[in-house]
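Computed from heavy atoms alone, side chains included, the values below leave out hydrogens, waters and symmetry copies. All values derive from a computational prediction rather than experimental measurement.
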Amino acid sequence: MAAELSLVIPTFNESANLRELLRRVDAALAGVAWEMIVVDDNSPDGTWRLAKDVALEDARVRCLRRVNRRGLAGACIEGMLASSAPVVAVMDADLQHDERILPQMLEKIRGGADLVVGSRHVEGGSADEGFSARRAFISRFATSMAKKALKAEFNDLMSGFFMIRRDIVDACAPALTPAGFKILADLVASAPKPLVVAEVGYTFRERHAGESKLDAKVALDFVGLLLNKASGGRIPVRFIFFALVGASGVGVHMATLYAALALGVSFEMAQSLAVLVAMTTNFFINNAITYRDAKIKGLGPLALGLLYFYAVCAIGAVANVGIAEFLFHRYGLVTFAALAGVVMGSVWNFALSSLFVWRKD
C-alpha cells in the first residue's frame with residue numbers, strides 16, 4: 001500500500017532515540033499508511049548506520065545520509081522532496097514532539113488544511129516541561145519577530161513539528177533556504193499563496209537522550225532568514241551574516257588603530273596592524289557563525305584558512321579601490337563611489353571566501 005504520510009526525521013547524534021521514536025510512531029499511526037525518512041547529517045554516533053539497519057528490519061523506514069552538508073532546514077527540505085506521499089510531516093527524533101497528535105494533524109489535512117502546526121501556544125499546548133529559560137526566551141523572541149515580519153496568523157511559527165501537503169512543498173522548493181534551523185517560517189514565507197493553517201496543541205516534552213542543538217546561533221539564523229525574505233530572496237542568508245561580520249570588523253579596526261596610536265606607534269604601522277587584527281577576527285567569527293556548517297577545525301587547517309582569507313581580502317581591497325576610483329572619476333560623487341567600492345569588495349570577498357576558504361570538498 002502506498003504511503004499517505006511521510007515522516008521526515010532530521011537527525012544528528014540521535015542513535016539513542018531512534019528505535020524508541022519508531023516504536024511510538026508505529027503505535028500512534030495504527031491504521032495509517034506511513035513511511036519514515038531519516039535524514040542524517042553523517043552523525044559521529046552512527047545514527048545513519050542504525051537507521052539503515054532499522055530499514056532492513058522495517059520497509060517503512062529509509063535513510064538519507066548527507067555527507068559534507070549540515071543544517072536542519074536543508075535536511076528537512078531534502079527529506080520532504082524525497083517523499084512521494086501526498087502529505088509530509090516534520091518532527092524531531094529527540095521525542096520532545098508528541099507523536100500522539102499525528103492522527104489529529106492528519107485529519108485536519110484531510111479536512112482541507114494546507115498546513116497543520118503542532119503548537120505549544122494554543123489550548124492543550126505547553127512548553128513548560130521541555131524548555132529551559134534560555135530556550136524559551138529564544139523561541140518567544142523569534143516567534144514575535146516572525147509573526148510581525150511574515151504577518152502569520154497562527155501562534156507557533158517557531159515550531160519544528162508540522163504537517164503539510166507535499167504539493168505545496170514542491171511549489172515552494174526553489175525559494176526555500178537550506179541554511180538555518182526553522183523551515184516552517186520559510187515555507188510560510190515562500191508559499192505562492194496564503195495557506196490554510198490549523199494548529200493542534202501538545203506538551204513539549206523533555207529530551208529523551210542526547211543534547212539540544214538550539215542555541216543563540218539559531219536565533220541569528222532566524223534573523224538572517226527574515227532579512228532574506230524581506231529582500232525577496234535576492235540576498236543569501238550567508239551573505240547577510242558575512243556582511244554583518246564585516247561591519248563589526250570596522251569597530252575592531254578603529255579600536256586597534258587608536259590603541260596602537262596611544263602606544264606611540266606610527267600611523268602607518270598602526271593602520272597596518274588594525275587591518276590585520278580586523279581581518280583575523282572576521283575570519284574566526286565567520287568560521288564560528290557564517291560558515292559553521294563548513295567550519296574549519298584543527299590548528300593546521302585554521303592557519304591555512306586564515307592565510308587564504310588574508311589573500312581573498314587583499315584582492316577584495318583592490319576591487320574596492322578600483323571600482324571606487326572609477327566611479328569617482330566618472331561621476332565625482334565621493335560617498336556613492338566609496339559605498340559602491342565597499343559593496344563590490346564585500347561581494348568579491350564573500351564569493352572567493354565561499355569558493356576557496358570555506359569550500360566543501
Side-chain angles (χ1 to χ4, degrees), residues 70-71 145 177-180 215-261 267-268 270-297 301-328 333-360:
R70 287 283 298 275
M145 286 188 60
T177 303
D215 56 20
K217 293 174 184 175
V218 177
L220 288 175
D221 277 338
F222 200 65
V223 172
L225 173 64
L226 295 181
L227 292 173
N228 169 263
K229 294 305 173 185
S231 72
R234 296 178 183 85
I235 304 177
V237 172
R238 203 186 294 275
F239 178 75
I240 291 170
F241 286 117
F242 190 88
L244 290 174
V245 171
S248 72
V250 175
V252 173
H253 179 106
M254 297 308 295
T256 304
L257 175 65
Y258 282 110
L261 291 173
F267 179 81
E268 292 78 8
Q271 176 74 347
S272 300
L273 180 63
V275 169
L276 185 65
V277 171
M279 285 195 296
T280 303
T281 57
N282 282 2
F283 169 78
F284 285 105
I285 296 173
N286 276 315
N287 192 52
I289 296 177
T290 309
Y291 294 96
R292 73 177 184 270
D293 59 331
K295 190 173 183 178
I296 302 171
K297 299 178 181 179
L302 277 170
L304 184 60
L306 182 58
L307 290 176
Y308 277 131
F309 190 69
Y310 287 157
V312 164
C313 290
I315 297 171
V318 173
N320 181 333
V321 173
I323 193 69
E325 185 178 11
F326 170 77
L327 292 174
F328 174 72
L333 300 174
V334 176
T335 302
F336 169 71
L339 289 176
V342 169
V343 171
M344 177 59 70
S346 298
V347 172
W348 183 274
N349 287 346
F350 173 70
L352 266 67
S353 292
S354 299
L355 189 60
F356 295 110
V357 182
W358 286 279
R359 64 188 184 278
K360 296 182 181 180

Donor-acceptor under 3.5 Å (Arg238 side chain, Thr290 main chain): yes
Test side chain to side chain contact (heavy atoms under 4.5 Å, CB included) applied to Ile315 - qualifying residues, sequence neighbours left out: Trp348, Leu352
Nearest heavy-atom neighbours spanning Ile323 and Met344: CG2-CB, 3.7 Å
Any residue meeting ring pair (Phe, Tyr, Trp, His ring centres under 6.0 Å) with Phe283, in chain and number order, not counting sequence neighbours: Phe309, Trp358
Minimum heavy-atom distance Leu273-Ala260, with the two atoms named: CD2-CB, 4.3 Å
Between OG1 on residue Thr281 and CG on residue Leu276, distance to nearest 0.5 Å: 9.5 Å
Tyr308-Ser353 side chain donor-acceptor pair, cut-off 3.5 Å: no
Anything under 3.5 Å between a donor and an acceptor, one on a side chain of residues 239-255, the other on a protein residue two or more places apart or in another chain? List them.
from	atom 1	to	atom 2	distance (Å)
Ser248	OG	Val245	O	2.6
His253	NE2	Gln271	OE1	3.1

Straight-line distance of Asn282 CG to Asn287 CG, nearest 0.5 Å: 12.0 Å
Nearest atoms (heavy-atom pairs only) where Ala274 meets Leu257: CB-N, 3.8 Å
